[in-house]
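Beneath this line is the structure, given in structure tokens, with notes to follow.
When a residue number appears, it is its place in the shown sequence, counting from 1.
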Amino acid sequence: MLDFKELEAFVWAVRLGSFRKAATRLHLTQPSVSERISRLETAVGKLLLERAARPVQPTMRGREFFVHAERMLHQRDEAMRLFDDEEAFSAPLRLGTIETIAHSWFPEFMRRLTERYPRLTIELTVDYSPVLNERLLGNELDIVLAMNGYSPQKQIDYESLSPYEMGMFVSPRHAPLLSESADIWGRQLPFISFGKLARPYTELVNYLAEQGVASPRIHSVSTLMTIVRMTTEGLGIGALPVATVLEEWQRGELYRLELPVPLPAMHYDVIWRHANHPRFCRGVARLAQECACRYAQARRADMTTTLFSGRWVATRASSGTTKAPHC
């Protein structure tokens with residue numbers, strides 16, 4: 001089996017024409033260089049150097065082998081430079097994300113990611129957090145942007161992202177009815193939420209139970225955009241990330257319910273396995289944090305305008321709107 005140390009000794013002996021000079025170049029003794037080249041000749045089964053010649057000359061097979069030996073050393077050096085230059089990362093990145101992120105700050109993140117790592121290609125998977133975490137542990141994904149808590153903490157690293165404020169929205173056609181019957185807001189219409197595998201569904205069930213809404217009707221839907229469409233069409237009360245429906249709310253296509261108690265915010269992380277390229281993964285995580293925080297700040301600024309006034313529906317005694325969480 002070939003050894004890079006033996007290849008180096010052979011290549012430098014040929015380049016410099018001397019075992020002594022090769023030993024000086026490699027910070028070895030001359031006998032060490034001679035021994036390494038002898039082991040290499042034993043491994044390939046051929047004499048590679050004419051030792052009696054001055055300077056030392058390769059044999060015919062040695063000249064042929066020298067070309068390949070130089071190429072192997074060059075490829076080794078190129079491979080090792082990957083660990084010195086993080087931005088030279090060029091392998092396909094198997095990235096997983098939840099749909100809420102995919103429909104918010106993810107496009108900016110992709111632009112900045114490919115600018116920082118110009119040789120990078122992305123293999124993207126969009127799914128629920130439990131599925132993404134399972135695929136991460138199975139080494140089918142490298143990094144996921146999802147809810148944490150589904151993977152053994154001893155096997156993963158993670159960085160937290162800006163949380164998403166959650167709200168309940170209805171079509172404006174239901175606003176008068178709910179305003180007149182504010183005490184039965186939780187029983188007047190079905191709710192629309194993410195699929196049952198997603199944590200927002202469980203959070204909604206628990207929230208409604210705490211508000212005294214027994215046996216609520218909940219439509220579980222697999223995609224965010226479908227929830228938005230069903231809500232704007234008046235098919236129920238949509239439990240949605242506020243930032244992702246600001247335009248619909250602003251245009252008056254959706255009205256937001258003033259809830260007696262805010263819905264729990266949705267918290268997400270950038271998650272990767274310990275075994276993955278740690279410096280690269282943490283660099284990607286920090287970039288995701290920047291994009292998520294900028295998005296959250298911009299959305300909060302949008303909500304300070306007066307365009308949303310009059311587009312609220314009062315439900316029971318309400319303490320007002322929910323304040324958006326900080327980055």
Going by the rule ring pair (Phe, Tyr, Trp, His ring centres under 6.0 Å), which residues pair with F109 if we only count those two or more places apart in sequence or in a different chain?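 Result, ring pair (Phe, Tyr, Trp, His ring centres under 6.0 Å) vs F109: W105, F106.
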
Under the ring pair (Phe, Tyr, Trp, His ring centres under 6.0 Å) rule, collect the residues that match up with F65, sequence neighbours excluded.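 F10.
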
Is a side-chain donor or acceptor of N133 paired with a backbone partner of V144 at a separation under 3.5 angstrom?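 Side chain of N133 to backbone of V144: no pair is present.
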
T59 side chain vs L47 backbone, donor-acceptor pair below 3.5 Å: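 Yes: the side chain of T59 pairs with the backbone of L47.
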
Can you list the steps and then say if H68 with R71 is a side chain to side chain donor-acceptor pair (under 3.5 Å)? CA-CA 5 Å; H68 295 284; R71 186 180 300 131; 3.3 Å; yes

E8 and R36: CA distance, side-chain angles, deciding distance, salt bridge (Lys or Arg N to Asp or Glu O under 4.0 Å) verdict: CA-CA 9 Å; E8 280 182 324; R36 290 183 181 186; 5.3 Å; no

[X] and [Y]: which non-hydrogen atoms are nearest, and at how many Å?
X	Y	result
L136	L141	CD1-O, 3.4 Å
P58	G62	CB-C, 3.8 Å
I156	I271	CD1-CG2, 3.7 Å
V270	A288	CG2-CB, 3.8 Å

Trace of the salt bridge (Lys or Arg N to Asp or Glu O under 4.0 Å) decision for R299 with E247: CA-CA 10 Å; R299 290 309 200 182; E247 285 77 14; 3.0 Å; yes

Using 4.0 Å as the upper bound for N to carboxylate O, is an ion pair formed by R294 and E290?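 So E290 does not pair with R294 through a salt bridge.
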
Other residues, nucleotides, ligands: >12 heavy atoms within 6.0 Å of [X] [atom1]:
X	atom1	value
E134	CD	no
Y158	OH	no
R94	CZ	yes
M60	CE	no
R20	CZ	no

Using the side-chain hydrogen bond (donor to acceptor under 3.5 Å, both in side chains) criterion, which residues pair with S160? Sequence neighbours excluded.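 For S160 the side-chain hydrogen bond (donor to acceptor under 3.5 Å, both in side chains) partners, ignoring immediate neighbours, are D269.
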
Verify salt bridge (Lys or Arg N to Asp or Glu O under 4.0 Å) between R51 and E41, making sure each step is shown before the conclusion. CA-CA 13 Å; R51 289 164 171 73; E41 290 176 325; 2.9 Å; yes

